[in-house]
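The structure displayed is predicted, hence computed values, not measured ones.
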Amino acid sequence: MGKYMNRIQIGAHYTRSQHPNIREFRSASGLVNNLLWHMQPRKLTYENISVLGITVSDQGVENSREDPHIYRWLNGVVECQYHNFDFVAFSDLSVFDRNTAVLNLVRKSLSAVYTTDSDQLHTLILMTNKIEESNFNYEAESKKLSKSNKALKLSCILVARVDHNGQNAFLRVKNDSGEIISEVHLLTNNINEFRYNLHKTKWVGSQFHIYQKTGQLFKSFSF
């Protein structure tokens, strides 16, 4: 079995003159990076790639072309580099079109590194289509971290949400009729914090506890 593809990551290299125009690209690529992290299929192998890096640069190179320059490094790391990227033209696009342009770079890169894994490529392209069809919004309730309390007739549900406000986690409380009675913000904008701080949950009497990866209590809510 080949390596699992763990991550697709988009970034940029730019000259000082392009600095005022980089903010829009960072915003769009940050959103798409977060959406990919949540929506990318787990335990999927694709062309023996562990990490697919996608980099755009405003600097030209000799014989530069629209197709990416592909570099294969150790441990399954592959980088697709795009040169002569026009950050000024990119910043003039609408927000939706900027997000779509970044997503198209992902599609183009997945196709560029393709050699044999057609089924997996189809799965990954479907993922990018779902991201676009969602209008670049994502929300999911964690089955692993959500727990019910029959005595209190309550369910505490951990929710991940990704949109133009970044990546956020919430505690959503529902009654036994499924109505949302409250929602509390937990974390913002850091994938590593999600993994570290939202590791395990359990009810202790009338309190709902959220534990860190170390076993330390992160948050406690009383009902």
Is the shortest side-chain heavy-atom distance between Asn197 and Tyr211 below 4.5 Å?
no
Quick one: does Val51's side chain get under 4.5 Å of Val78's, heavy atoms only?
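Heavy-atom side-chain distance check fails, nothing below 4.5 Å.
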Taking atom types as modelled and ignoring hydrogens, do the side chains of [X] and [Y] form a donor-acceptor contact shorter than 3.5 angstrom?
X: His209; Y: Ser220; answer: yes
X: Asn137; Y: Ser134; answer: no
X: Thr201; Y: Lys147; answer: yes

If you measure from [atom1] on [X] to [atom2] on [Y], what distance do you get to the nearest 0.5 Å?
X: Thr123; Y: Gln40; atom1: OG1; atom2: CD; value: 11.5 Å
X: Met5; Y: Leu44; atom1: CE; atom2: CG; value: 7.0 Å
X: His122; Y: Asn129; atom1: NE2; atom2: CG; value: 9.0 Å

Qualifying salt bridge (Lys or Arg N to Asp or Glu O under 4.0 Å) pairs, either residue in [range], two or more places apart:
range: residues 103-112; result: Arg107-Glu132
range: residues 31-47; result: none
range: residues 190-214; result: none

By salt bridge (Lys or Arg N to Asp or Glu O under 4.0 Å), which residues pair with Arg172, not counting sequence neighbours?
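Salt bridge (Lys or Arg N to Asp or Glu O under 4.0 Å) check on Arg172 returns Glu139, Glu141, Glu183.
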Is the NZ or CZ atom of Arg161 positioned over Tyr138's six-membered ring, under 6.0 angstrom from the centre and within 45° of the axis?
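Cation-pi check for Arg161 and Tyr138: fails.
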Just by modelled atom types, is the His69 backbone N or O under 3.5 Å from a matching donor or acceptor in the Tyr82 side chain?
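No: the side chain of Tyr82 does not pair with the backbone of His69.
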State whether the side chain of Asn149 and the backbone N or O of Gly205 hold a donor-acceptor pair below 3.5 Å, judged by distance alone.
yes
Starting from Leu126 and following side-chain heavy-atom contacts under 4.5 Å between hydrophobic residues (I, L, V, M, F, W, Y), which residues can be reached?
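So far as hydrophobic clustering goes, Leu126 is joined with none.
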Co-members of Phe221 in a cluster of I, L, V, M, F, W and Y side chains, linked at under 4.5 Å
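Members alongside Phe221: Leu145, Leu152, Leu154, Leu158, Leu171, Val173, Ile181, Val184, Leu186, Leu187, Phe194, Leu198, Trp203, Phe208, Ile210, Phe218, Phe223.
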